[in-house]
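Encoded as structure tokens, the structure appears first; notes follow it.
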Amino acid sequence: MRSSQFFLSTLKEAPSDAEVVSQKLMLRAGLIKRAAAGIYTWMPLGLRTLRKVEAIVREEMNRSGALELLMPAVQPAELWQESGRWEKYGPELLRFKDRHQRDFVIGPTHEEVITDVVRREVKSYRQLPLHLYQVQSKFRDEIRPRFGVMRGREFLMKDGYSFHASFDDLKREYQVMYDTYSRIFTRLGLQFRAVAADTGSIGGTGSHEFHVLADSGEDDIAYCPDSDYAANVELAEALAPATPRPAAGEALAKVATPGQTACADVAAFLKTDLTRVVKAIAVVSEDAEGKPHFALLLVRGDHELNEIKASKLAGLTDFRFASDAEVEQYLGCQPGYIGPVGVDAGKVRVIADRTVAAMADFVCGANEAGFHLTGVNFGRDLAEPAEVADLRNVVAGDPSPDGKGVLGICRGIEVGHIFQLRTKYAEALNCKFLDDNGREQVMEMGCYGIGVSRIVGAAIEQNYDDKGIIFPAALAPFTVAIVPMGYHKSDAIRDAANALYAELQAAGVDVLLDDRNERPGSMFADMELIGIPHRVVIGEKGLAAGQVEYKGRRDEAATMVARDAIVAHLLESLAK
RNA sequence: CGGGGAAUAGCUCAGCCUGGUAGAGCACUGCGUUCGGGACGCAGGGGCCGGAGGUUCGAAUCCUCUUUCCCCGACCA
């Protein structure tokens, strides 16, 4: 491509509402243009990169035996009503009516549609397993779209769905996908990690997220540097402390802590450590009859309650935080000074985090406004906790659940997710087949997603400098830029540039010849901003000596290469 | 949903307090000079100052409403 024939639209300054690096650079480099919140046009330059991601994803999916199809973005409401998600999905699901007042949705995902296709077409175990995938735009009406294409409302996704006659076969395919995804992200040149993920309400063991490691990521990942353990913090298990609870050493005392309601404030006020304080979190859950049950969840002052873990406890599914009135009703005290001491065990369920259960001489609210207790001990000042559970998020320094070291926490951008769905949708949508005994059985399903457009943002988050994007070669819109010094003034330069351009094209290289009548500084700045990995500068002096100048995007300085050797040199660099 | 902030040229912003003919830089057009790190000069084009009301002789500016966007929060007692 000649840049005079292409559409470059670079900006010196990023739009002021751009938040993260990738968003700023994508807008400055002219890869995308914003159409509305979370909705973007992919400009010709950005589309080249997006297509390269797609191509790699397709190649590897096809190689794994999956078959591509294309499902509609607009889906009938009936399927969603049948699966139950019409009610459950919430406002993220964009719904609308057609001219006949029939309900439709714009697909945020395609389990319903694919299951509908398969249940109509597949009747026999002989037709299984089957893995169908598509690369398609999705729409999710996010509350807060942000970070450009990283959390857009409309985005491009590869979504695949596999159907199996047995759970064992699903597990086999799941492993195939695990390996396929690892190959895809490796080919894309990304630093990533597969992490065990929460399986939500569906249960089961099989779910992994693939995260690109970047500080701007929205997810916290717990990983063990000494093993391959990695899990979303939502899921990572916090083990019970290795050392048993120390003996009580202090007497129980009630101290005035006027106005000190937050744990950190109480700790500072009492000149003690936050790790000596126990935080009581009041929650309420309703049972099948709609009767409220009140519970106190105890976690150490410096720890965070993990709501997903808490909601997995019996009777706490769908729990919510207690209102101030409820706290008052059950504990006779306003929030800020509540604690587990002296509560009515018949009315208030107390669940202690494993760490709390091993604490002695701790501080907690006195259930009296303006007062806290110090020197509190289980078994002396209050009953031993009736229930002990893992309630908190792991923190850096916690022991790894696999027993092989200490956890670290890093941020990640979720770019892939694989999931053993089991029979959730197949059952709801009556997707059955006849097994080899002629018996009707529900199909086992897996689903596998890759955020194609998000990958472009994630790749930039991982690869940039103060001059702009540094695309991994596999993603670069062009892999080589030819920058002639004086294309419009010198016949020799022009001829040399054109010749090299033709040679590289013939060699199958995605080459951009910057033949604009721009000053050198502008051309250099643009080629760097848009992240082209390799650059060849053709200048008068070098050319006279039979040389051109080569510089890799990450190189400190340029090197002179013989004109006759430059194509081979580039091909070698590209192959790396 | 709650709290902040913003909205003026394609982009980044000034002007608003203290009302009086709409500005700068970048980008764009033309001409000239320049040409190895985002050049310079001259001459241009481009705005319903987000929208609707109000106050006023007069509103980008003051008041009210509204829309949109951004940020933070929406457990951490």
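Throughout, protein chains are lettered first and strands after them, A, B, ... in sequence-line order, and every chain is numbered starting at 1.
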Task: Letter per nucleotide, 5' to 3', of nucleotides 35-46 of chain B [B base touched, S only sugar-phosphate touched, - untouched; heavy atoms, 4.0 Å] - done: BBBBB-------

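If you measure from atom CG of A/L8 to atom P of B/rC28, you get 12 Å, rounded to the nearest angstrom. Rounded to whole Å, atom P of B/rA27 lies 15 Å from atom NZ of A/K33.
Within the cation-pi definition used here (under 6.0 Å to the ring centroid, within 45° of the axis), A/R535 qualifies as a partner of A/F524. With A/F478 as the aromatic partner, A/R48 meets the cation-pi criteria of under 6.0 angstrom to the ring centre and within 45 degrees of the ring axis. For the pair A/K347 and A/Y330, the cation-pi criterion (under 6.0 Å, within 45° of the ring axis) is not fulfilled.
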Please tabulate, one pair per line, all N/O donor-acceptor pairs under 3.5 Å involving side-chain atoms of residues 543-552 of chain A, not counting sequence neighbours.
from: A/Y550; atom 1: OH; to: A/H534; atom 2: ND1; distance (Å): 2.6
from: A/K551; atom 1: NZ; to: A/D555; atom 2: O; distance (Å): 3.2

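Taking the P atoms as reference points, B/rA9 lies 14 Å from B/rA60, given to the whole Å. Nucleotides B/rA27 and B/rC42 have their P atoms positioned 16 Å apart, rounded to a whole Å. Taking the C1' atom of each, B/rU61 and B/rU55 are spaced 13 Å apart, rounded to whole Å. Taking atom C1' on both nucleotides, B/rA22 is separated from B/rG15 by 9 Å, rounded to a whole Å. Separating the P atom of B/rC16 from that of B/rG23 is a span of 15 Å, rounded to the nearest Å. Comparing the C1' positions of B/rA43 and B/rG51 gives an interatomic distance of 36 Å, to the nearest angstrom.
Here A/L94 pairs with A/I106, A/F139, A/D141 under the side-chain contact (heavy atoms from CB on, under 4.5 Å) rule; sequence neighbours left out. With sequence neighbours excluded, the residues that form a salt bridge (charged side-chain N to carboxylate O under 4.0 Å, His left out) with A/R2 are A/D515. By the ring-ring contact (aromatic ring centres under 6.0 Å, His included) test, A/H372 pairs with A/Y337, sequence neighbours left out. In this structure A/A525 satisfies the side-chain contact (heavy atoms from CB on, under 4.5 Å) test with no other residue, sequence neighbours excluded. Not counting sequence neighbours, the partners of A/V283 by the side-chain contact (heavy atoms from CB on, under 4.5 Å) test are A/I281, A/A295, A/L297, A/L316, A/F319, A/F321. Remark: A/F471 pairs with no residue by the ring-ring contact (aromatic ring centres under 6.0 Å, His included) rule, at least two apart or across chains.
A/Y487 and A/D514 form no side-chain donor-acceptor contact under 3.5 Å, judged by distance and modelled atom types alone.
A/A282 comes within contact range of at least one nucleobase, with a heavy-atom separation under 4.0 Å.
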- [ ] Would you sketch RNA chain B in dot-bracket for me? Only Watson-Crick or G-U wobble pairs with both distances under 3.5 Å count, crossing pairs as [ ], other-strand pairs as |, the rest as dots.
- [x] (((((((..((((......[..)))).((((((.....)))))).....(((((..]....))))))))))))....

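In this structure, A/D220 pairs ionically with A/R411, as a charged nitrogen and a carboxylate oxygen lie closer than 4.0 Å.
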Under-3.5 Å N/O pairs linking protein and nucleotides 69-76 of chain B:
from: B/rC72; atom 1: OP2; to: A/R144; atom 2: NH1; distance (Å): 3.4
from: B/rC72; atom 1: OP2; to: A/R144; atom 2: NH2; distance (Å): 2.0
from: B/rC75; atom 1: N4; to: A/L305; atom 2: O; distance (Å): 3.2
from: B/rC76; atom 1: O2'; to: A/K279; atom 2: NZ; distance (Å): 2.5
from: B/rC76; atom 1: O2; to: A/K279; atom 2: NZ; distance (Å): 3.3

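Residue pairs meeting the salt bridge (Lys or Arg N to Asp or Glu O under 4.0 Å) criterion with at least one member in residues 372-389 of chain A, sequence neighbours excluded, are A/R245-A/E384, A/R349-A/E387.
In the region residues 364-377 of chain A, proximity to RNA chain B at under 4.0 angstrom, judged on heavy atoms, holds for none of the residues.
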